Amino acid sequence: MDITMTDAWRALRAHAEHFADLELRSLFADDPDRVDRMTLSVGDLVVDWSKHRVTQAVLADLAALAETTGVADRASAMMRGDRVNTTENRAVLHTALRAPAGRVVEVDGEDVVAGVHRVLHQMAAFTDRVRDGDWVGATGLPIETVVNIGIGGSDLGPGMAYEALAAFRHPRIRCQFVSNVDGSDLAAAVADLDPATTMFVISSKTFTTQETLTNAKSARRWLVDRLGEDAIAKHFVAVSTNADEVAEFGIDIANMFGFWDWVGGRYSVDSAIGLPLMLAIGAEAFGEMLDGFRIVDEHFVSTPIEENVPALLGLIEVWYRTFCDLPTRAVLPYSRYLHRFPAYLQQLDMESNGKCVRIDGEPVTYETGPIVWGEPGTNGQHSFHQLLHQGTTVVPTDFILMGAPDHTDDQLSGVEAHHDLLVANCFAQSEALAFGKTAMEVAATETNPALVSHRTFPGNRPSTMIMAPRLTPSVLGQLVALYEHQVFTQGVVWGLNSFDQWGVELGKVLALAIVPELTSTDEPALDHDASTNALIRRYRALRP
Ligand code: F6P
């Protein structure tokens, strides 16, 4: 189907011609019920989306677009195990990772939920042993540091969640996350570690990823040099779908935690890839996180579009990106512990929908996935918020905020006052972005007329405010699922396969070809482009 030929698409194009006239000031002035109508709850999340430049007519046509493209049907197909990832011929079942025991979801006649709970039990049993100090290293000492070696989805999800749930961590166990093939990453991580109390979790869905295997081999050398070959069994475990490669690497597959090809890397934080997180926060809290995911899953599949929070937010992003030509989207958590959340969302969103070819192989003729970026507030206020307020591009922004301090720094007296300030700043930013300050308002107090234009805020910059009482495991699960289903909604409307990532392949292949050209003792014959050839020669000259 060519979506651009539908009535809803044409109507939205027509609305977008008047985008400049959609003034938040007027939308609020003309509609006293706007905030009530445009504030929705899902689980513990309260989402105020009233500060978006959308009218009832725009929303109706976005809903029609969702209907025409079959968002609800596609969601059901995904969740029942259809092979919706057609370019890899795979089911997409991250929602089964948080299905309750007893629910049946079948792939090729096999119930996957039973397998999910088998692995969760295996993880929980292992986690309990490590946390209780019953699992000891080669010298008989309990594990104190868990070093996760993985990249992309095998790093960003558990790393983000470990930071987010700092308040729930076991007092003895800390985690480090090594992802980059830059040797400094691993070197810095192990610099102060005692090998006797260190455990490496090698996380890789494929167990063929160059960065992860390079780091894993160096970590193994580091450990064997200090504790000997026999120590591997007590200090290395793996998370993977590839038992053969895990065994080949030298990890006993009894110490491997499995998952399945129907879990995409960027959708895997709630699979065994979450093992370091479970080690840190315990199996019970991990289960609470899964419950949080499930609350939003159930909302997403059972709620009409008009009240379906992830679907609505996804559609509003389609409006901005495709029809209003706004290229980026900022995610600004007003929570230090969510400082890795924007990086996590970058992979979730940009690897899913950063595509210029539709699922049927035809090129898209419209803008798709936005550039996602962000930093926690209030830090960003003192750097890039200048552009958000007065720059020439409009950046739709998500604010994420907790009602209570999301930390246990109770020993810091006056911590509530910090939180009040944090909240005040967050609300002030969304208010300033939306309503700005007109030249007339500035002129009323500014004595120097030359400064009036400089001090004017155009406003009319849209944002969503997502609030929850506190950053608990359940709330984190709800937040992640909220974004997963937004990204899904957008992918369906844009006609994309949000579950493959062919765009990452070419660079990997080229890098493999370049490695021997950098390291060969003989001068290699180079047949890249002139620039790449010159870069290789320059590096060879610099190489120690
Ligand atoms: O290169 C991209 C990617 O395939 C991601 O999609 C994935 O999350 C990451 O690499 C890591 O892959 P693996 O878990 O197989 O090592």
Side-chain angles (χ1 to χ4, degrees), residues 84-85 87-94 97 119 123 147-162 177-182 185-186 200-220 236-249 251 253 256-277 340-355 369 372 480 483-484 487-488 491 496-515:
V84 297
N85 176 357
T87 60
E88 296 179 316
N89 191 27
R90 288 177 182 165
V92 176
L93 275 175
H94 43 279
L97 296 169
V119 175
M123 290 165 66
V147 181
N148 187 79
I149 295 182
I151 198 165
S154 301
D155 164 71
L156 288 163
M160 174 279 292
Y162 174 76
F177 292 84
V178 172
S179 53
N180 200 327
V181 77
D182 181 341
D185 211 1
L186 180 64
F200 291 95
V201 177
I202 312 302
S203 286
S204 175
K205 179 175 170 180
T206 54
F207 228 78
T208 56
T209 303
Q210 189 192 47
E211 293 94 328
T212 299
L213 288 186
T214 304
N215 279 322
K217 284 175 192 155
S218 298
R220 186 175 59 187
F236 272 81
V237 300
V239 178
S240 187
T241 59
N242 191 341
D244 291 344
E245 289 295 332
V246 169
E248 172 76 21
F249 179 83
I251 296 177
I253 59 164
M256 169 181 143
F257 300 84
F259 60 115
W260 306 270
D261 72 354
W262 42 261
V263 183
R266 54 195 174 271
Y267 299 90
S268 67
V269 61
D270 45 352
S271 71
I273 289 289
L275 182 66
L277 175 68
R340 293 293 289 158
F341 198 61
Y344 172 77
L345 290 184
Q346 283 177 331
Q347 187 197 17
L348 179 66
D349 202 323
M350 294 163 80
E351 206 176 54
S352 295
N353 289 338
K355 289 165 188 167
V372 179
V480 174
Y483 281 93
E484 283 180 352
V487 168
F488 174 85
L496 306 174
N497 178 0
S498 299
F499 303 106
D500 61 13
Q501 55 284 318
W502 299 105
V504 302
E505 295 301 325
L506 178 60
K508 291 183 190 175
V509 172
L510 293 178
L512 280 182
I514 290 172
V515 171

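Heavy atoms only: backbone and side chains are in, while hydrogens, waters and symmetry mates are out. All ligand and atom numbering here is 1-based and tracks the order in the structure. Keep in mind that what you see is a predicted model, and the values were worked out from it rather than measured.
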Using a strict 4.0 Å cut-off to heavy atoms of [X], name the atoms of ligand 1 that fall inside it.
X: G152; value: 8 (O)
X: V504; value: 1 (O), 2 (C)
X: G265; value: 8 (O)

Exercise. Is the Y483-F341 ring centre distance short of 6.0 angstrom?
Worked result: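 Here the rings of F341 and Y483 have centres that are less than 6.0 Å from each other.
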Exercise. For residues T241 and W260, is any side-chain donor paired with an opposing acceptor at under 3.5 Å?
Worked result: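 Their side chains do not contain a donor-acceptor pair, so the 3.5 Å distance test is not met.
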Exercise. Side chains of T206 and N242: donor-acceptor distance under 3.5 Å anywhere?
Worked result: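 Short answer, no.
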Exercise. Are D500 and K355 close enough for a salt bridge, meaning some N to O gap below 4.0 Å?
Worked result: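 Salt bridge between D500 and K355, a charged N being under 4.0 Å from a carboxylate O: yes.
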Exercise. Counting both backbone and side chain atoms, is some N or O of T209 under 3.5 Å from an N or O of ligand 1?
Worked result: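 By distance alone, the answer is yes.
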For this session: Would you check whether E351 has a nitrogen or oxygen atom less than 3.5 angstrom from a nitrogen or oxygen atom of ligand 1?
Result: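 By distance alone, the answer is yes.
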Problem set entry | E505, CD atom: more than 12 neighbouring heavy atoms under 6.0 Å |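 Yes, because the 6.0 Å sphere around CD of E505 holds more than 12 heavy atoms from other groups.
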Exercise. In the protein, what heavy atom is nearest to atom 10 (O) of ligand 1, and what distance, to one decimal place, separates them?
Worked result: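 Minimum-distance protein heavy atom for atom 10 (O) of ligand 1 reads K508 NZ, 4.4 Å.
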Exercise. Identify the closest protein heavy atom to atom 9 (C) of ligand 1: which residue and atom is it, and at what distance?
Worked result: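 Looking at atom 9 (C) of ligand 1, the protein heavy atom closest to it is I151 O, 3.6 Å.
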Problem set entry | Main-chain N/O of V263 paired to S268 side chain as donor or acceptor, under 3.5 Å |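 Pair absent, no side-chain N/O of S268 close to backbone of V263.
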Problem set entry | Minimum non-hydrogen distance to atom 7 (C) of ligand 1, winning option of S240, S203, G153, S268 |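 Shortest heavy-atom distance from atom 7 (C) of ligand 1: G153.
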Exercise. Between Y267 and F499, what is the ring plane arrangement, given parallel below 30°, perpendicular above 60°, and tilted in between?
Worked result: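 Tilted: the ring planes of Y267 and F499 meet at 30° to 60°.
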Exercise. Is Q347 in contact with ligand 1, taking contact as a heavy-atom separation below 4.0 Å?
Worked result: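 Contact check Q347 vs ligand 1: positive.
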Exercise. Is it the side chain, the backbone, both or neither of T206 that has a heavy atom closer than 4.0 Å to ligand 1?
Worked result: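 Both backbone and side chain of T206 come within 4.0 Å of ligand 1.
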